[in-house]
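To keep things clear, I will list the structure first and then write my remarks on it.
This structure is a prediction, so every number in the text was calculated from the model and none was measured. Chain letters run A, B, ... following the sequence lines, proteins first and then strands; every chain starts at 1.
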Protein chains: 2
Amino acid sequence: METLAELGYARTSLREIAQKSEFTHGVLHYYFSDKVDLICCCVRHYKAKCVTRYDQITSAAQSRDELMKGFLEKLSETVRDEARMHRLWYDLRSQSLFEEAFRDDVAEIDKSLEDMVWRVASRFASLGGRQPVVSRGALYALFDGLFQRCLLRHLSGDRKAIADLREEVERLLPTVA
Amino acid sequence: METLAELGYARTSLREIAQKSEFTHGVLHYYFSDKVDLICCCVRHYKAKCVTRYDQITSAAQSRDELMKGFLEKLSETVRDEARMHRLWYDLRSQSLFEEAFRDDVAEIDKSLEDMVWRVASRFASLGGRQPVVSRGALYALFDGLFQRCLLRHLSGDRKAIADLREEVERLLPTVA
DNA sequence: ATAGATTTTGGACAATCGTCAAGATATTAT
DNA sequence: ATAATATCTTGACGATTGTCCAAAATCTAT
């Protein structure tokens with residue numbers, strides 16, 4: 001996954017993966033039937049690490065301010081420290097537009113991420129005695145779109161990318177939940 | 001571009017592009033310095049075709065209903081008829097997360113698309129004597145996210161993908177503009 | 001300790017990749 | 001028509017790809 005996150009799907013070969021691991025290239029075919037199988041396993045592995053990222057903040061927060069602060073902080077931290085791994089997610093999601101074998105796993109992760117965003121927004125709303133005013137799908141689309149854009153700007157060296165994302169989220173979240 | 005749209009960046013070789021064209025593989029290096037250069041030119045070429053898609057509808061519409069109807073229709077048509085070309089866009093945008101050479105062009109197209117969405121929403125708002133209530137960036141993130149999701153579902157064979165997108169947009173646009 | 005199962009190695013394979021260059025062909029200018 | 005330029009073809013190259021396999025190494029159970 002580190003190699004994939006560094007090079008991207010298109011430029012990653014099994015030999016490169018093996019070389020940056022503690023194994024040789026031959027052993028990969030002992031555990032994975034082929035390249036697609038290996039990538040699929042990576043996608044599945046990614047999911048588990050990702051979809052509970054904000055859960056602790058969500059359940060611990062006792063006020064809208066506290067939740068907002070924790071969410072913004074975690075969001076910033078993610079872009080700052082895990083940009084490479086997240087660009088891999090967007091890469092693989094795009095690959096699923098072409099490679100049928102990836103679609104089910106990608107769709108499942110997408111759903112899990114949508115649920116995660118929904119949990120945050122629902123909690124934020126309920127802490128104000130309200131309910132979210134947009135659908136799950138729209139909410140996810142919005143935050144995913146903002147995150148993706150921030151990621152691209154950040155990786156391009158734009159120092160204001162994270163600050164702008166924070167500002168945007170701080171303005172938007174109270175209007176939708 | 002047709003070959004790229006069919007196979008995706010990762011699986012497309014110069015020889016494959018040549019084979020599906022009227023030329024041989026050698027001639028590509030007469031016009032393009034290397035593979036990255038060729039893809040960059042494709043990205044730039046894509047832009048011109050894309051960013052004025054809704055302009056006629058936007059300027060012709062005389063009421064919110066008319067604009068909504070035209071926008072929904074064009075949106076559906078795009079997903080239905082040009083899904084393959086649009087998955088190429090998402091593919092190349094993801095590639096720009098890894099390949100620095102793509103970033104400037106991708107960022108420029110992204111900006112143009114944002115402007116395009118903004119023009120639609122602004123017009124929709126002004127036809128109701130209003131102004132959009134969210135930022136350009138948020139608006140684009142929202143619609144781009146919804147479109148991307150719809151595209152994935154549509155390509156996976158989900159017959160309800162387009163209808164769901166229409167429904168979502170019909171509900172959202174009046175609340176943001 | 002020994003036999004059997006499991007895991008790992010490293011090389012071989014055919015196929016494909018991007019790139020290049022020499023020469024053939026077509027176009028244009030005089 | 002002829003020369004000069006532009007365009008295209010073809011074959012070659014070294015490198016890399018995914019896959020496979022026989023043999024070596026390691027582990028496990030008795």
Could you give the [atom1]-to-[atom2] distance, from [X] to [N], as a whole number of Å?
{"X": "B/His25", "N": "C/dC20", "atom1": "NE2", "atom2": "C1'", "value": "10 Å"}
{"X": "B/Asp37", "N": "C/dC20", "atom1": "CG", "atom2": "P", "value": "12 Å"}
{"X": "B/His29", "N": "D/dC13", "atom1": "NE2", "atom2": "C1'", "value": "13 Å"}
{"X": "B/Asp34", "N": "C/dC17", "atom1": "CG", "atom2": "P", "value": "16 Å"}
{"X": "B/Tyr31", "N": "D/dC8", "atom1": "OH", "atom2": "C1'", "value": "8 Å"}
{"X": "A/Lys35", "N": "C/dA15", "atom1": "NZ", "atom2": "C1'", "value": "14 Å"}
{"X": "A/Arg15", "N": "D/dT16", "atom1": "CZ", "atom2": "P", "value": "10 Å"}

Sugar-phosphate, base or nothing in reach of B/Phe32, heavy atoms under 4.0 Å: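 Nothing: the residue B/Phe32, judged by heavy atoms under 4.0 Å, touches no strand.
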Of the listed nucleotides D/dC8, C/dG10, D/dG18, the one nearest the side chain of B/Val27: D/dC8
Is [Y] paired with [X] through a side-chain N to carboxylate O contact shorter than 4.0 Å?
{"X": "A/Arg119", "Y": "A/Asp115", "answer": "no"}
{"X": "A/Lys20", "Y": "A/Glu2", "answer": "no"}
{"X": "A/Arg149", "Y": "B/Asp144", "answer": "no"}

N/O (side chain, A/Ser13) to phosphate O (OP1/OP2, D/dT16) under 4.0 Å: no
OP1 or OP2 of C/dT7 under 4.0 Å from side-chain N/O of A/Tyr30: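 Checking A/Tyr30 against C/dT7: at least one side-chain N or O falls below 4.0 Å of OP1 or OP2.
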